[in-house]
Amino acid sequence: MKMAHKKALSRMIAAAALAGASTCAVAADTIKIALAGPVTGPVAQYGDMQFIGAKMAIEQINQAGGVNGAQLEGVVFDDACDPKQAVAVANRIVNEGISFVVGHLCSSSTQPASDIYEEEGILMITAASTSPDITDRGYQMVFRTIGLDSLQGPTAGNFIVEQIKPQKVAVIHDKQQYGEGIATAVRDVLLANDVEVPVFEGITAGDKDFSALIAKLRQAGVDFVYYGGYHPELGLILRQAGEQGLDVRFMGPEGVGNTDISAIAGESSEGLLVTLPKAFDQDPKNAHLVEAFKAKNEDPSGPFVFPAYAAVQVIADGIKIADSTDTEAVAEALRSNSFETPTGTLSFDEKGDLKNFNFVVYEWHADASKTALTE
């Protein structure tokens, strides 16, 4: 563990000692996990997925006796998927002496926050950030329970090449780390397979009027559009494209796979192609978890629900294996073992990425249901 974080923990222990013996006993019996992501902002729905998955894991682990005699406690922090707020959140987590984090959600928030966690010896597992840049820096405290854009992009690109077989593809993105990164990966696959990409450009997240973009797509004569980014913008693009008579099929990554895209785009969301993690809620072995979520009136079908559950579980299992909450020991345990989780058997490489993860291509429907097109 880095010295700065040890000092922060020492300050907390000293403060607890001054508060009295009963406070110390409670602290000793609790392991806090920060749950960092968007509670507010345009993609708060994805934060909800992460939070309900992580909280369910905490609840069930505690009911089963906790971790080495200690109970887990989830502490939610709102970064609104904003990089500056994510840095502020990371510093709060440091100051509160929390050693473990599940989050952040958006890659553009996870990357700067992870700089702080690495420096302070805090172990972080993201269940949603897919940018390869996050784990390309040789960090030892950064892990993830979801796949990379370097896998998701080729999954989408190869499906377009082999199944759609378009003549001209427009590749659009939202100029953010996640959106532009996945769009670039898809474009590269298309170009490598001699598919013409006459339009590759970014829109601005938060924009509402996409008439100029739609006119450009029509002028370019594209017969397929790939979008890298999140559902609020793509929903509007789909709706306005339908209203303006642009009859082409669209595809996007897991950041658009949200029921709200159907609420925004209506019938224009029918036939949208989306790459998502496997529908873990459909796995019979997870039926008991699905029932537990439904008993709380929570939706277990979101793409980040089960990866967030798995993130908490591997933290807990890592602490058990290490027989310690020392984050360096836990990180070593994560890299040296495999873990049985609701998302499958997970093992991590030296970068902290999963050794095996598959994205599935789905056809989205206007009623917000989806049909798997690949295994």
Side-chain angles (χ1 to χ4, degrees), residues 107 130-133 147-205 207 209-257 261 265 267-276 358-365 370-375:
S107 293
T130 53
S131 171
D133 294 343
L148 305 176
D149 291 340
S150 52
L151 169 64
Q152 185 175 193
T155 297
N158 288 325
F159 186 88
I160 295 168
V161 171
E162 296 167 8
Q163 302 298 324
I164 305 300
K165 301 177 181 178
Q167 299 300 309
K168 295 182 179 181
V169 178
V171 179
I172 310 300
H173 58 82
D174 63 1
K175 302 178 187 175
Q176 299 187 68
Q177 182 176 5
Y178 162 68
E180 187 168 0
I182 187 73
T184 300
V186 171
R187 180 201 61 185
D188 290 348
V189 171
L190 298 177
L191 292 177
N193 286 274
D194 299 321
V195 177
E196 187 177 350
V197 182
V199 179
F200 179 79
E201 65 177 64
I203 56 95
T204 300
D207 278 357
D209 183 357
F210 296 100
S211 298
L213 172 65
I214 292 166
K216 187 167 189 175
L217 298 179
R218 180 182 287 109
Q219 184 178 17
V222 301
D223 54 347
F224 193 85
V225 179
Y226 183 86
Y227 177 78
Y230 295 99
H231 70 276
E233 289 75 30
L234 181 58
L236 290 172
I237 293 170
L238 286 171
R239 189 177 77 194
Q240 292 171 28
E243 292 169 348
Q244 296 174 37
L246 180 65
D247 185 21
V248 298
R249 199 169 193 182
F250 284 75
M251 186 176 194
E254 91 285 356
V256 307
I261 199 165
E267 287 301 318
S268 294
S269 65
E270 181 67 38
L272 170 69
L273 299 174
V274 184
T275 47
L276 292 164
N358 291 322
F359 285 97
V360 177
V361 178
Y362 289 90
E363 181 177 31
W364 197 265
H365 303 297
K370 59 185 185 290
T371 303
L373 301 182
T374 62
E375 293 296 328

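Basis for what follows: all heavy atoms, side chains included, without hydrogens, waters or symmetry-related copies. A quick note: this is a predicted structure, and the numbers were derived from the prediction, not measured.
Between Leu234 and Leu272, the closest side-chain pair of non-hydrogen atoms falls below 4.5 Å. Counting heavy atoms from C-beta outward, Met251 and Val361 have side chains that approach closer than 4.5 Å.
Atom CZ of residue Phe250 and atom CD1 of residue Ile237 lie 6.5 Å apart, to the nearest 0.5 angstrom. A distance of 5.5 Å separates CD in Glu233 from CZ in Phe210, rounded to the nearest 0.5 Å. Annotation: the span from Leu213 atom CG to Leu246 atom CG amounts to 9.0 Å, rounded to 0.5 Å. Atoms CG and OG, on Leu236 and Ser268 in that order, are 11.0 Å from each other to the nearest 0.5 Å.
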Please set out all donor-acceptor pairs under 3.5 angstrom arising from side-chain atoms of residues 152-160, sequence neighbours excluded.
from, atom 1, to, atom 2, distance (Å)
Gln152, OE1, Glu254, N, 3.1
Gln152, OE1, Thr275, OG1, 2.8
Gln152, NE2, Asp149, OD1, 3.4
Gln152, NE2, Glu254, OE1, 2.8
Thr155, OG1, Leu151, O, 2.9
Asn158, ND2, Pro154, O, 3.0

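Across all non-hydrogen atoms, the minimal contact from Gly257 to Trp364 is C-CH2, 3.8 Å. Smallest separation of non-hydrogen atoms from Ser131 and Ser107: N-OG, 3.2 Å. Closest of all the heavy-atom pairs between Leu238 and Ser269 is CD1-CA, 4.2 Å. Smallest separation of non-hydrogen atoms from Ala265 and Gly235: CB-O, 3.5 Å. A pairwise comparison of heavy atoms in Pro198 and Val222 identifies CG-CG1, 3.9 Å as the closest pair. Closest approach of Gln167 and Val195 over heavy atoms only: O-CG1, 4.4 Å.
For the side-chain hydrogen bond (donor to acceptor under 3.5 Å, both in side chains) test, no residue two or more places apart in sequence or in another chain qualifies with Glu243. For Phe359, the ring pair (Phe, Tyr, Trp, His ring centres under 6.0 Å) test picks out Phe357, with sequence neighbours left out. For Tyr230, the ring pair (Phe, Tyr, Trp, His ring centres under 6.0 Å) test picks out Tyr178, with sequence neighbours left out. Listed by chain and residue number, nothing satisfies the side-chain hydrogen bond (donor to acceptor under 3.5 Å, both in side chains) test with Gln163 (two or more places apart in sequence, or in another chain). Listed by chain and number, the residues in a side chain to side chain contact (heavy atoms under 4.5 Å, CB included) with Val360 are Lys278, Tyr362, Ala372, Thr374 (sequence neighbours excluded). With sequence neighbours excluded, the residues satisfying side chain to side chain contact (heavy atoms under 4.5 Å, CB included) with Thr204 are Lys175, Asp207. Residues satisfying the side chain to side chain contact (heavy atoms under 4.5 Å, CB included) criterion with Asp188, sequence neighbours excluded, are Thr184. Scored by the salt bridge (charged side-chain N to carboxylate O under 4.0 Å, His left out) test, Glu196 finds no partners at all (sequence neighbours excluded). Asn358 meets the side chain to side chain contact (heavy atoms under 4.5 Å, CB included) test with no other residue; sequence neighbours excluded. In terms of the ring pair (Phe, Tyr, Trp, His ring centres under 6.0 Å) criterion, residue partners of Phe200 (sequence neighbours excluded) are, by chain and number, His173.
Each side-chain hydrogen bond (donor to acceptor under 3.5 Å, both in side chains) pair with one or both residues in residues 210-223, not counting sequence neighbours, appears once here: Glu201-Lys216, Asp209-Ser211, Ser211-Gln244.
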Start with the C-alpha gap between Leu276 and Lys370, add the side-chain angles, then the distance that decides, and say whether side-chain contact (heavy atoms from CB on, under 4.5 Å) holds. CA-CA 10 Å; Leu276 292 164; Lys370 59 185 185 290; 3.7 Å; yes
### Query
For Phe224 and Leu273, what are the C-alpha separation, side-chain angles and deciding distance, and is it a side-chain contact (heavy atoms from CB on, under 4.5 Å)?
CA-CA 11 Å; Phe224 193 85; Leu273 299 174; 4.1 Å; yes
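Counting only distance, with no hydrogens or angles, the side chain of Asp174 and the backbone of Gln176 share a donor-acceptor pair below 3.5 Å.
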